[in-house]
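If you read the sequence from its start, that first residue is 1, and numbering goes on from there. Note that ligands are numbered from 1 as they come in the structure, with each ligand's atoms numbered from 1 the same way.
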Amino acid sequence: MRLSEQTLASLDARVIQVPYDRAAGSKQIVHLGLGAFTRAHQAVFTEDAIAASGEVWRILGVSMRSATVRDQLAPQDCLFTVTTKGEGAPATRLVRCLSDIIVAPEDPARVVSAIADPKTHIVTLTVTEKGYHLSGRQDEALDPLLQDDPASPAPRTIYGYLAQGLKQRRDQGLPGLTILSCDNLADNGTRLRAMLLKVLTGTDPQLAQWCADNCTFPCSMVDRIVPATQPDDTDRLESMIGLRDEAAVFTEPFRQWVIEDRFAGPRPPWEAAGAEIVADVRPYETAKLRMLNGAHSALAYLGLAKGHELVSQAMADPDIGGLVRSLMRDEAADSFQPAAGQDLQAYAASLEARFANPALPHRLAQIAMDGSQKIPQRWLATLADRQAQGKASPAILQALAAWIAHVRGDNPHVSDPRAETLALAWKQAGRNGIAAALFGDGGLIASVWKPARDELAVLSRHLETMAG
Ligand code: CS2
């Protein structure tokens, strides 16, 4: 029997539930890019904030492309469970704060009116790194896709939907919005704001001004490891909770959300659910991107190259585990100024334990996706800062060589928006020229880091072994 409002009475009594009247919610968050991560992270924080305050917020989810998530959730009245797996028995909870899901390409106008709805106070986003269309180059002209999107009846990017929703709000005399990026990008809010204003300035300068005056874009750091759900997870859960949940997510007990205190209007009391609302997110975000995500990407490319499948397996490989520890502790942790009281070695120790979690298999292939969009904030910023401080970064360079080898064009499993360009660069530049073609002057990967001669030599030595 499928989970839904009608079948809830049959749900196993051990499933944790927060009692509240779903229909009582008068304040809305529109979430662009509803996937497993948001269900295990933001939705749980919101559910706990509702429990703590009694103030009911609803999340209206938007799937930017596919109908899969809607097809999983709609037959269940948008109810789903989150199961945490760590030491001890897994714990499952029900989440009820999701009100509906729109599949954007099926009904673009509904997404626009949801953003313009007077009930909406916040738009949150998890659209992955590539969803922001950031080129990394200050001077580059806007991608034509972004120029056309604000006027398109079927927008293809977040910018089109935001532009049209904000225009309606302004025309109706409604207040602005808090637009909160929850993706793993450095300065995510600031960069989203800059790009949105750039798009709007090109098409409707008055709207750009209204947006700058009335909307805020807090930066945030989100953290929870959420592996893609596997079919046998869903089967096992069904036998435990008595109902079938096609939208179930499985995650670790740990969760963290640090949000810059910059809201345009009301928000759920997320701090009552453990979120940290702070003046400056940067030290937390830098630590998370460079240490957790930096280590993750290293595990992915070095691990896959040695035939490992899971994070825990790669971490247990002495060669890889040692390198990853050094990447976090010696290189990433020694590349930036931590906040007062922020203990980066203790943070590294907690990450090592999380990566080793045997109860939560996490596929390296999931992390390896979209490397071209991930490595700038995970590795290249660290390389640049350390280079400026005269410090060598052998662990990151080895991981970087593994990524370069990963995208050389002969691996059918590579999933990256720039896969073809990268494979072509390999063909043209070859093993000895590829690092300069990617990161040198005018290179393919726009970055703060330009390899020094000795760094190029290190990369080239690694590539000799890794890429034949
Ligand atoms: C991972 C992240 O897939 C990836 O690239 O590094 O999704 C990671 O699991 C989360 O950022 C953890 O908070």
Proximity of [X] to ligand 1 by residue part, where a heavy atom lies under 4.0 Å:
X: Arg378; answer: side chain
X: Met369; answer: neither
X: Asn184; answer: side chain

Q: State whether the shortest distance between N or O atoms of His362 and N or O atoms of ligand 1 falls below 3.5 angstrom.
A: no
Q.
Tell me every residue that passes side-chain hydrogen bond (donor to acceptor under 3.5 Å, both in side chains) with Arg329, counting only those two or more places apart in sequence or in another chain.
A. Gln345, Glu352
Q. Among all residues two or more places apart in sequence or in another chain, which pass the side-chain hydrogen bond (donor to acceptor under 3.5 Å, both in side chains) test with Thr286?
A. none
**Q.** Closest to atom 4 (C) of ligand 1 (judged by heavy-atom distance), picking from Glu252, Lys374, Glu129
**A.** Lys374
Q | Asn184 versus Gln377, side-chain donor and acceptor atoms under 3.5 Å | A | no
For [atom], closest protein heavy-atom neighbour:
atom: atom 11 (O) of ligand 1; value: Lys288 NZ, 2.6 Å
atom: atom 2 (C) of ligand 1; value: Asn293 ND2, 3.6 Å
atom: atom 9 (O) of ligand 1; value: His296 CE1, 3.2 Å
atom: atom 13 (O) of ligand 1; value: Asp223 OD1, 2.6 Å

Q.
Is the positively charged end of Arg354 above the ring of Phe254, judged by distance under 6.0 angstrom from the centroid and angle within 45° of the axis?
A. yes
Q. Does Arg93 pair with Glu47 as a salt bridge, N-O distance under 4.0 Å?
A. no
Q.
Regarding Arg22 and Asp77, does a basic nitrogen lie under 4.0 Å from an acidic carboxylate oxygen?
A. no
Q | Criterion side-chain hydrogen bond (donor to acceptor under 3.5 Å, both in side chains) on Gln28 and Ser99, from CA distance to verdict | A | CA-CA 9 Å; Gln28 176 165 278; Ser99 59; 4.6 Å; no
